[in-house]
Amino acid sequence: MTEINRNITDIKKQLPEDCTLIAVSKTKPLKFIQEAYESGHKDFGENKVQELVHKFEELPKDIHWHMVGHLQRNKVKYIAPFVYLIHAVDSLRLMTEINKQAKNYNRIINCLLQVHIADEETKHGFTEDEIRALFENNEAEQFENIRFCGLMGMATNSRDKIKVSGEFSSLKKLYDELKNKNHVNTNFQYLSMGMSGDYHLAIEEGSNMVRVGSAIFGTRQNN
Ligand SMILES: *Cc1c(COP(=O)(O)O)cnc(C)c1O
């Protein structure tokens with residue numbers, strides 16, 4: 001077994017059964033993904049549109065491609081035909097564009113709303129109140145070609161476990177609240193939180209989708 005597949009197997013053993021592992025393959029070569037795919041892994045994440053499109057074109061078509069990073073509106077059209085789940089929807093303008101492109105391609109695109117839970121200003125996302133308002137004012141309903149499948153968040157990059165757990169825990173509460181309300185065009189089933197450095201804390205707080213890159217594929221030079 002290769003090191004990549006060993007890492008995937010090890011991490012999966014630590015996850016609850018209903019938790020999906022997204023192998024974040026950004027900056028890594030096709031052959032790394034191929035290797036994991038051949039041993040049965042199907043969910044991969046990327047954060048750059050051009051790289052995602054290239055990998056989609058070169059690799060088997062039954063891979064689930066997750067767009068995990070910040071998405072620019074003018075690039076939605078390139079991934080709209082095939083993307084499996086967009087994790088970081090962080091503005092109404094982006095939703096408008098995703099909805100339009102989904103319509104173009106005759107698809108319903110699965111999306112997660114990104115919630116700003118960290119201290120850092122650089123992380124994108126809605127506030128909790130903005131998310132509630134989106135559903136309560138029936139704004140979300142106008143996006144007929146988007147299915148809102150849950151929430152995504154990134155915790156503060158900190159060694160303070162209590163702080164990080166607290167951020168994950170507040171996201172889980174919001175997720176449960178909205179899931180129970182069952183609004184139009186929602187099908188809340190994914191709570192995407194946890195990366196290489198904090199997925200243990202995230203699953204303790206109820207994550208069912210973790211996005212793990214470096215712990216599987218090794219450290220990256222950039223981003
Ligand atoms: C890169 C990235 C990850 C994975 O990060 P690691 O620390 O390498 O596990 C997860 N989520 C997003 C949004 C990312 O951009």
Side-chain angles (χ1 to χ4, degrees), residues 7-8 10-24 26 43 45-47 66-71 85-92 94-95 110-137 139-140 147-183 186-217 219-220 223:
N7 292 340
I8 290 177
D10 283 350
I11 294 168
K12 278 190 175 158
K13 272 190 214 143
Q14 301 162 42
L15 302 177
E17 218 176 322
D18 68 343
C19 184
T20 305
L21 172 62
I22 315 293
V24 179
K26 61 191 188 193
D43 289 274
E46 293 285 333
N47 73 339
H66 297 254
M67 176 66 198
V68 298
H70 178 63
L71 176 58
L85 180 64
I86 300 178
H87 285 238
V89 176
D90 59 2
S91 74
L92 280 168
L94 178 58
M95 280 179 223
N110 293 327
C111 289
L112 306 180
L113 294 165
Q114 184 173 5
V115 188
H116 190 280
I117 54 172
D119 275 349
E120 294 114 329
E121 277 305 314
T122 51
K123 293 195 167 111
H124 298 270
F126 292 103
T127 65
E128 295 196 2
D129 284 339
E130 285 169 337
I131 302 264
R132 287 192 187 93
L134 195 66
F135 291 106
E136 277 155 23
N137 307 335
E139 277 175 299
R147 185 180 298 115
F148 295 98
C149 298
L151 303 176
M152 177 268 201
M154 293 170 86
T156 304
N157 187 3
S158 162
R159 287 166 185 267
D160 183 347
K161 291 186 179 176
I162 299 194
K163 179 180 179 57
V164 170
S165 291
E167 291 171 355
F168 286 145
S169 157
S170 64
L171 189 56
K172 166 73 161 128
K173 279 203 192 94
L174 180 64
Y175 172 79
D176 287 339
E177 177 190 319
L178 294 167
K179 187 178 165 72
N180 289 332
K181 286 194 175 145
N182 235 325
H183 293 282
T186 64
N187 177 13
F188 264 45
Q189 53 184 320
Y190 301 129
L191 177 56
S192 168
M193 57 185 198
M195 320 194 341
S196 293
D198 58 17
Y199 72 86
H200 293 103
L201 299 176
I203 55 179
E204 275 173 24
E205 299 304 328
S207 168
N208 65 14
M209 190 169 254
V210 292
R211 310 176 310 272
V212 180
S214 46
I216 294 174
F217 297 108
T219 52
R220 292 176 300 271
N223 72 54

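Excluded from the calculations below are hydrogen atoms, water molecules and symmetry mates; all remaining heavy atoms, backbone and side chain alike, are included.
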Exercise for review: State whether the number of non-hydrogen atoms from other residues, nucleotides or ligands found under 6.0 Å of K12 atom NZ is greater than 12.
Suggested key: yes

Review point. Can you find a heavy atom in the side chain of L85 that is under 4.5 Å from one in the side chain of M209?
Key: yes

Review point. By ring pair (Phe, Tyr, Trp, His ring centres under 6.0 Å), which residues pair with H183, not counting sequence neighbours?
Key: F135

Revision key, fill the gap. By side-chain hydrogen bond (donor to acceptor under 3.5 Å, both in side chains), Y190 pairs with (sequence neighbours left out) none

Point to revise | Distance in Å, N187 CG paired with R147 CZ, rounded so as to fall on 0.5 Å steps | key: 6.5 Å

Check your understanding: Does the side chain of Y175 come within less than 4.5 Å of V115's, by heavy atoms?
Key -> no

Point to revise | From L151 atom CG to F188 atom CZ, the distance as rounded to the nearest 0.5 Å | key: 4.5 Å

Check your understanding: Does the side chain of E204 pick up a donor-acceptor pair with the side chain of S165 at under 3.5 Å?
Key -> no

Review point. Should we say atom NZ of K173 is surrounded by more than 12 heavy atoms from elsewhere, each under 6.0 Å from it?
Key: no

Check your understanding: What pairs with H87 under ring pair (Phe, Tyr, Trp, His ring centres under 6.0 Å), at least two apart in sequence or on another chain?
Key -> H66

Check your understanding: Do L134 and M95 come within less than 4.5 Å of each other through their side chains, counting heavy atoms only?
Key -> yes

Practice item. First locate atom SG of C111, then atom CE of M152, and finally report the distance between them rounded to the nearest 0.5 Å. Key: 12.5 Å

Point to revise | side chain to side chain contact (heavy atoms under 4.5 Å, CB included) partners for H70, two or more places apart | key: D90, H124

Point to revise | CG (N157) with more than 12 external heavy atoms under 6.0 Å | key: no

**Study point:** With sequence neighbours excluded, residues passing ring pair (Phe, Tyr, Trp, His ring centres under 6.0 Å) with F217
**Key:** none

Practice item. Please determine if D129 and R132 form a salt bridge, counting it only when a charged side-chain N lies under 4.0 Å from a carboxylate O. Key: yes

Point to revise | Minimum-distance pair of heavy atoms, taken over all atoms of S192 and L112 | key: CB-CD1, 3.5 Å

Exercise for review: Say whether, by atom type as modelled, one donor and one acceptor occur between the side chain of E205 and the main chain of K172 under 3.5 angstrom.
Suggested key: no

Exercise for review: Could you pull out all residues at least two apart from K163 that satisfy side-chain hydrogen bond (donor to acceptor under 3.5 Å, both in side chains)?
Suggested key: D119

